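Below is one structure; the comments refer to it alone.
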2 protein chains.
Amino acid sequence: MGSTAPARVCFPPLLFARSTSVTTSMYSACMNTSERLIESTRELLWERGYVGTSPKAILERADAGQGSMYHHFKGKPDLALAAIRRTAEEMRAAAGAVLAGPGTPYERIEAYLRRERDVLRGCPVGRLTMDPDVIADDTLRAPVDETLDWLREQIAQLVEEGREQGEFAPSLDGEEIAAAVVATVQGGYVLARASGSPAAFDAGVRGLLSLLATHKN
Amino acid sequence: MGSTAPARVCFPPLLFARSTSVTTSMYSACMNTSERLIESTRELLWERGYVGTSPKAILERADAGQGSMYHHFKGKPDLALAAIRRTAEEMRAAAGAVLAGPGTPYERIEAYLRRERDVLRGCPVGRLTMDPDVIADDTLRAPVDETLDWLREQIAQLVEEGREQGEFAPSLDGEEIAAAVVATVQGGYVLARASGSPAAFDAGVRGLLSLLATHKN
DNA sequence: GTCTATAGTCTGATAGAC
DNA sequence: GTCTATCAGACTATAGAC
């Protein structure tokens with residue numbers, strides 16, 4: 001067994017915060033170069049966005065040379081695409097698990113809204129919408145669009161389900177409520193980061209839930 | 001009267017979209033250099049954020065040389081601060097006018113939510129929260145924080161007023177509803193930019209209003 | 001006040017050795 | 001596969017002429 005051992009993710013990569021600037025990635029020992037490049041890019045895209053992330057910074061964090069990056073990927077956009085797709089997929093899985101979990105439709109929407117989050121870091125998918133180079137490139141924007149669209153659809157179906165079961169008032173529109181729910185989360189990150197505290201995020205979630213709760217029968 | 005004529009804003013600078021890339025600013029003829037630098041920076045911060053905006057791009061859009069910028073401002077952060085402060089002030093004035101306008105508390109909140117917006121451009125204040133260099137610098141973050149905080153306070157007071165007048169249910173919490181309202185707007189921009197269409201923004205606003213409306217008596 | 005010239009660093013990419 | 005060397009251009013700032 002040498003350096004060509006199958007890639008195994010030792011740590012759930014984006015689940016631990018990286019508050020300190022380190023030269024060698026904590027997981028550099030247990031991933032191949034391609035994986036390290038993708039994970040480093042995912043972290044940097046989350047922290048600094050696409051425009052604020054340079055190949056040099058990616059390579060330093062991944063502890064790799066220029067050649068490795070241009071061997072595995074066509075360039076910065078190509079590597080970013082791989083990173084964005086993986087982040088989108090991860091978010092879909094995490095949100096899907098909560099939304100498809102146990103409980104009534106209201107309870108599952110509440111579980112999604114109250115789901116544990118690293119609020120001050122923002123949403124790794126949503127933040128990309130503020131990146132001009134991501135929005136300008138349909139290929140980079142697609143995973144972002146699809147993920148948020150999928151999320152709204154899931155919640156809209158849940159609202160419709162709740163209406164049919166009589167948990168929600170018949171007057172509610174599934175797609176509109178879903179958009180309000182997802183927007184409250186995405187906007188909650190904005191308020192939290194502006195104030196430097198998660199309090200505003202939590203307040204927004206409680207506010208929306210208080211409005212939604214009184215529509216239950 | 002020469003080039004030292006008092007600065008007069010010919011066009012409400014940020015109210016017309018700049019879809020095309022131009023070398024000379026439309027308003028370059030009727031502003032002094034300092035003003036042009038600030039207005040160019042405001043545009044670029046809105047379009048590309050702080051990290052994505054270079055002094056070179058600012059100077060080209062303002063039709064000014066390096067020397068002018070470093071004469072009037074200490075550097076990029078100093079110029080950005082002036083631009084951010086002005087944008088924050090403008091947003092406060094615009095939102096304040098609607099929130100202090102005619103109508104019941106609900107109607108004024110509705111007017112704020114339905115207020116005409118260039119949705120796909122996003123919020124010139126809120127988008128800065130996704131900029132790592134803005135969040136890392138308390139001086140740059142302050143105007144953003146203060147503006148969004150002020151906005152939430154205004155809406156919270158409006159909700160309290162509506163409760164006292166019997167328009168809203170007593171169970172509603174002003175600060176929570178205010179956070180949900182502002183978050184819905186900020187998150188609406190995210191959804192709209194992801195999908196490339198203002199539809200999701202409008203859906204979220206309608207969803208929130210439909211929840212809030214049935215709390216009226 | 002405004003300009004150009006210059007500087008040192010970073011960006012994003014290519015070439016070619018090992 | 002991975003590395004270093006190299007490159008043209010951009011980034012941010014300073015110096016000094018006008």
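Just so it is clear, the model here is predicted, and its values are computed rather than measured. Each chain gets a letter, A, B and so on, in the order the sequences are listed, and its residues count up from 1.
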Between B/Arg108 (side chain) and B/Leu99 (backbone), is there a donor-acceptor pair under 3.5 Å?
-> yes
B/Lys56 NZ to C/dC10 P, in whole Å, measures 18 Å
Separation of D/dA15 P from B/Met69 CE (nearest whole Å) | 15 Å
Would you please confirm or rule out a distance under 4.0 Å between OP1 or OP2 of C/dC3 and any side-chain N or O of B/His71?
-> no
Against the side chain of A/Tyr70, the closest entry in D/dT12, C/dT2, C/dA13 is C/dA13
Looking just at side-chain N and O atoms, do B/Arg42 and B/Thr87 make a donor-acceptor pair shorter than 3.5 Å?
-> yes
In short, B/Ile38 meets B/Ala82 closest at the heavy-atom pair CD1-CB, 4.2 Å
Should the heavy atoms of other residues, nucleotides or ligands under 6.0 Å from CD of B/Glu175 be counted, would the total exceed 12?
-> no
Proximity to the side chain of B/Ala64 - top-ranked nucleotide from D/dA13, C/dC3, D/dT12 = C/dC3
On a heavy-atom basis, the closest approach of B/Ala62 and B/Arg36 is O-NE, 2.7 Å
d(NE2, A/His72; P, C/dA13) in whole Å | 17 Å
A/Asp78 CG to C/dA13 C1', straight-line distance once rounded to whole Å | 14 Å
Within this structure, what is the CG-to-C1' distance between A/Leu37 and D/dG1, rounded to whole angstrom?
-> 12 Å
Mind calculating the distance between CG (B/Asp63) and P (C/dG1) to the nearest angstrom?
-> 19 Å
Nearest-angstrom distance from the residue atom CZ of A/Arg36 to P of D/dC3 = 8 Å
Atom CG of A/Leu59 and atom P of C/dC10 are separated, to the nearest Å, by 14 Å
Sorted by position of nearest nucleotide on DNA chain C, 5' first, the leading residue of A/Ala57 and A/Lys74 is A/Ala57
Distance test, side-chain N/O of A/Ser68 to OP1/OP2 of D/dG1, below 4.0 Å = no
Consider the side chain of A/Gln66, meaning its heavy atoms from C-beta on, and name the nucleotide among D/dA13, C/dA13, C/dG1 that approaches it most closely.
-> C/dA13
So does B/Thr33 get a side-chain nitrogen or oxygen closer than 4.0 Å to the phosphate oxygens (OP1/OP2) of C/dG1?
-> no
